[in-house]
Visitor: 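This is the structure, below, for whatever I ask next.
The first residue in the sequence is number 1, and the count goes up from there. Just so it is clear, the values below take in all heavy atoms, side chains as well, and ignore hydrogens, waters and symmetry mates.
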Amino acid sequence: MMSVPNEELERILENLNDKNKVVARSFLSWLLEKQMDEEEEYLTVSDLEAIEKGRIEYQNGQTKSLEELRRELDI
């Protein structure tokens with residue numbers, strides 16, 4: 001992964017015209033939002049508890065697997 005020094009980013013942004021600054025701002029906002037989405041992709045304690053609950057329910061016959069549902073529905 002390549003890192004760009006802050007000074008270089010600031011120099012690039014300073015040299016943009018007003019129209020391109022708007023585009024750059026929009027793009028950078030999109031990157032930050034995407035980065036935040038990626039950080040949220042990790043499983044939380046709540047997620048892990050729900051998975052374990054589902055496993056227990058499946059073992060007890062309270063739910064069906066996706067494969068079982070597909071066979072029943074012929075899909």
Side-chain angles (χ1 to χ4, degrees):
M1 201 151 96
M2 187 177 109
S3 179
V4 178
N6 287 341
E7 298 83 28
E8 186 176 346
L9 285 174
E10 288 174 14
R11 184 178 49 76
I12 291 169
L13 292 173
E14 286 173 3
N15 289 316
L16 292 174
N17 65 31
D18 288 342
K19 183 177 178 182
N20 285 332
K21 283 181 182 178
V22 172
V23 173
R25 178 187 164 104
S26 175
F27 176 69
L28 292 172
S29 295
W30 175 81
L31 280 177
L32 288 172
E33 185 177 311
K34 182 169 174 41
Q35 176 178 306
M36 288 175 28
D37 290 346
E38 289 172 357
E39 291 171 357
E40 295 174 3
E41 289 182 11
Y42 296 104
L43 294 176
T44 65
V45 172
S46 175
D47 294 333
L48 295 173
E49 289 171 350
I51 291 169
E52 184 59 26
K53 181 181 178 208
R55 283 186 187 139
I56 292 169
E57 289 174 354
Y58 178 73
Q59 288 172 346
N60 292 336
Q62 296 170 310
T63 61
K64 298 179 181 184
S65 71
L66 181 58
E67 280 303 311
E68 290 172 322
L69 288 173
R70 284 182 177 159
R71 279 194 297 270
E72 286 181 15
L73 301 172
D74 291 324
I75 55 174

Visitor: Are any of the side-chain heavy atoms of Glu10 and Leu13 separated by less than 4.5 Å?
Guide: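 No; the side chains remain at least 4.5 Å from each other.
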Visitor: Which heavy atom of Leu69 sits nearest a heavy atom of Lys64, and at what distance?
Guide: CD2-CD, 4.1 Å
Visitor: Could you check Glu67, Glu72, Glu68 and say which one makes a salt bridge (charged side-chain N to carboxylate O under 4.0 Å, His left out) with Arg70?
Guide: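 Answer to the salt bridge (charged side-chain N to carboxylate O under 4.0 Å, His left out) test with Arg70 among Glu67, Glu72, Glu68: Glu67.
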Visitor: When you check the gap from the basic side-chain N to the acidic O, do Glu14 and Arg11 get nearer than 4.0 Å?
Guide: no
Visitor: To the nearest 0.5 Å, what is the distance between CG on Asn20 and CG on Asn15?
Guide: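 If I round to the nearest 0.5 Å, the distance is 11.5 Å.
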Visitor: Can you get from Leu28 to Trp30 by hopping between Ile, Leu, Val, Met, Phe, Trp and Tyr side chains that sit under 4.5 Å apart?
Guide: yes
Visitor: Any sub-3.5 Å donor-acceptor pair from Asn17's side-chain atoms to Lys19's backbone N or O?
Guide: yes
Visitor: Who passes side chain to side chain contact (heavy atoms under 4.5 Å, CB included) against Asp74, sequence neighbours left out?
Guide: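 For Asp74, no residue satisfies side chain to side chain contact (heavy atoms under 4.5 Å, CB included) once neighbours in sequence are set aside.
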Visitor: Cut-off 3.5 Å, no hydrogens considered: what does the side-chain donor-acceptor table look like for residues 48-59, sequence neighbours left out?
Guide:
none

Visitor: Within the side chain of Ser26, is there an N or O that forms a donor-acceptor pair under 3.5 Å with the backbone of Val22?
Guide: no
